[in-house]
Amino acid sequence: MSVLTSKWEELLLHYSPTSLEFYGTLVIQLIFFWLTSAAYVVLPSIYPDFSARHKLQTQLKQPQPSELWDCLTIVARNQTVSTLLHIAILKLGTSLDRPPSYRFDTVLPSPSEITRDLAVGLIIREIMFYYTHRLLHHPALYPSIHKRHHRFTAPVALAAQYASMTEHIVANILPISLPLMIMHSHIVTFWIFLALELVETATVHSGYDFFARSAKRHDLHHEKFLVNFGTIGLLDWVHGTSKGRDVKDKTVSPSHQ
């Protein structure tokens, strides 16, 4: 830990909290979303037999190259706009002389602090995402805001951020950014949280049965629409929207077709 602490102190000496927050967050995005998504997307080309054995839905439902290209362009647009918004927010905070949203203590957070903040962050994210996601399935909002995300009934990893700009902000960015911001966690803890959440969202959209079939619940959501709205399943259990094998009996509203 002393080596990590000294490296962190060196970064604090050479860069402002604003620069560290921006570039650190950008690097986490590039590594843990883009590289993870790319690995899942190219897997069928590199190991087709292995990929076919672990795909949750049939080959007939898999997206075509043109659909993947459209997905790539929309996700790149969303991340470009969100990056520009991040720059604007950081510059506004600097101009108003506001303190950073996260802590930049010279002492790195302890394992117990990281564990605590990650656990609380997961609960807050579950609450924010579940109710936002379920609201986006309301007939008044679904066609204009959320329908694009459900274009892929057999989702791929990149489709995790294939969304309208409104949805990307309220359902993708805020439920991940705000929990540790509310707790005023250390920026390093936020980066760990962000990395875990990006890998998780890419994985649950990957369409593969890896990691104890963690993608199955969300894959069923994309296939059947009105079930499995949350991330960890807690509020789906509370509200009775958690479905597994019996999900095929679920009737899908015509407005969600």
Side-chain angles (χ1 to χ4, degrees), residues 25 27-59 61-63 67-68 71-72 74-76 78-79 82 118-119 121-126 128-130 132-133 146 149-163 167-168 171-177 179-180 190-225 227-237 241-245 247:
T25 302
V27 168
I28 296 295
Q29 284 268 9
L30 293 173
I31 294 173
F32 292 95
F33 178 74
W34 285 102
L35 289 185
T36 302
S37 297
Y40 282 126
V41 169
V42 303
L43 188 60
S45 301
I46 301 174
Y47 300 109
D49 293 337
F50 176 81
S51 173
R53 287 198 305 272
H54 292 279
K55 269 292 183 181
L56 291 167
Q57 297 196 43
T58 65
Q59 183 60 37
K61 291 186 177 182
Q62 302 307 313
E67 294 175 309
L68 290 175
C71 182
L72 176 64
I74 294 297
V75 173
N78 287 347
Q79 289 218 0
S82 62
L118 293 182
L122 283 173
I123 298 299
I124 297 175
R125 193 218 170 185
E126 168 76 352
M128 294 182 68
F129 183 78
Y130 179 90
T132 299
H133 190 189
H146 191 48
H149 184 69
H150 276 274
R151 175 180 177 180
F152 296 96
T153 55
V156 292
L158 272 176
Q161 296 187 17
Y162 181 75
E167 178 182 354
H168 185 58
N172 293 340
I173 296 176
L174 294 182
I176 293 178
S177 299
L180 272 66
F190 168 68
W191 287 335
I192 295 171
F193 183 73
L194 177 61
L196 292 173
E197 290 301 308
L198 290 175
V199 170
E200 182 267 344
T201 192
T203 298
V204 301
H205 284 85
S206 68
Y208 286 102
D209 62 4
F210 305 144
F211 303 108
R213 298 172 69 85
S214 61
K216 182 64 174 176
R217 291 186 75 261
H218 199 68
D219 203 70
L220 286 171
H221 173 76
H222 273 261
E223 189 178 3
K224 304 299 177 182
F225 297 97
V227 297
N228 300 342
F229 294 99
T231 57
I232 61 176
L234 175 63
L235 289 177
D236 281 304
W237 173 74
T241 53
S242 180
K243 298 293 180 181
R245 292 179 182 177
V247 75

Checklist entry - Taking the inter-plane angle between the rings of His146 and His133 on a 0 to 90° scale, is it parallel (under 30°), tilted (30 to 60°) or perpendicular (over 60°)? => result perpendicular
Checklist entry - Distance from Lys243 atom NZ to Asn228 atom CG, nearest 0.5 Å? => result 9.0 Å
Item to check | Note, Leu158 side chain near Leu68 side chain (heavy atom, < 4.5 Å) | outcome: no
Checklist entry - Quick one: does Ile192's side chain get under 4.5 Å of Ile28's, heavy atoms only? => result no
Checklist entry - What are the two closest heavy atoms between Thr241 and Tyr130, and how far apart are they? => result OG1-OH, 3.0 Å
Checklist entry - Considering all heavy atoms of both residues, which atom of Phe229 and which atom of Phe129 are nearest to each other, and what is their separation? => result O-CE2, 3.1 Å
Checklist entry - How about His205 and His218: do any of their side-chain heavy atoms sit closer than 4.5 Å? => result yes
Item to check | For Tyr162, the option from Glu67, Arg151, His149 that meets side-chain hydrogen bond (donor to acceptor under 3.5 Å, both in side chains) | outcome: Arg151
Item to check | Check ion pair Asp236-Arg217 (N to O, under 4.0 angstrom) | outcome: yes
Checklist entry - If you take all heavy atoms of Thr36 and Ala202, which pair is closest and at what distance? => result CG2-CB, 3.9 Å
Checklist entry - Are Val156 and Ser206 close enough, and set up right, to give a side chain to side chain contact (heavy atoms under 4.5 Å, CB included), and what steps lead you there? => result CA-CA 4 Å; Val156 292; Ser206 68; over 6 Å; no
Checklist entry - Does a side-chain heavy-atom distance below 4.5 Å link Tyr40 with Thr203? => result yes
Next on the checklist: Could you check whether Tyr208 and Ser51, counting side-chain N and O atoms only, form a donor-acceptor pair closer than 3.5 Å?
Outcome noted: yes
Item to check | Residue pair Leu122 / Ile232: nearest heavy atoms and the distance that separates them | outcome: O-CD1, 4.5 Å
Checklist outcome for this item: To the nearest 0.5 Å, atom CG of Asn172 lies from atom CD of Glu167 at 6.0 Å
Next on the checklist: Quick one: does any side-chain atom of Gln29 pair with a main-chain N or O of Trp34 as donor and acceptor, under 3.5 Å?
Outcome noted: no
Next on the checklist: If I take atom OG from residue Ser242 and atom NE2 from residue His221, how far apart are they, to the nearest 0.5 angstrom?
Outcome noted: 13.0 Å
Checklist entry - At their closest point, which heavy atom of Phe33 faces which heavy atom of Ala160, and how far apart are they? => result CE1-CB, 4.0 Å
Item to check | Atom pair CE (Met128) and CD1 (Ile176), whose distance is rounded to the nearest 0.5 Å | outcome: 10.0 Å
Checklist entry - Are any of the side-chain heavy atoms of Trp191 and Thr25 separated by less than 4.5 Å? => result yes
Checklist entry - For the side-chain contact (heavy atoms from CB on, under 4.5 Å) test, which of Ile74, Ile173, Val75 pairs with His168? => result Ile173
Next on the checklist: Testing the basics here: between Pro179 and Leu174, what is the closest heavy-atom pair and its distance to 0.1 Å?
Outcome noted: CD-O, 3.8 Å
Checklist entry - Excluding sequence neighbours, so at least two apart, what forms side chain to side chain contact (heavy atoms under 4.5 Å, CB included) with Phe50? => result Leu43, Tyr47, Arg53, His54, Phe210
Checklist entry - Just how far is it from atom CG of Leu180 to atom CD of Glu197, taken to the nearest 0.5 Å? => result 9.5 Å
Checklist entry - Taking atom CD of Gln161 and atom OG of Ser37, what is their separation to the nearest 0.5 Å? => result 7.5 Å
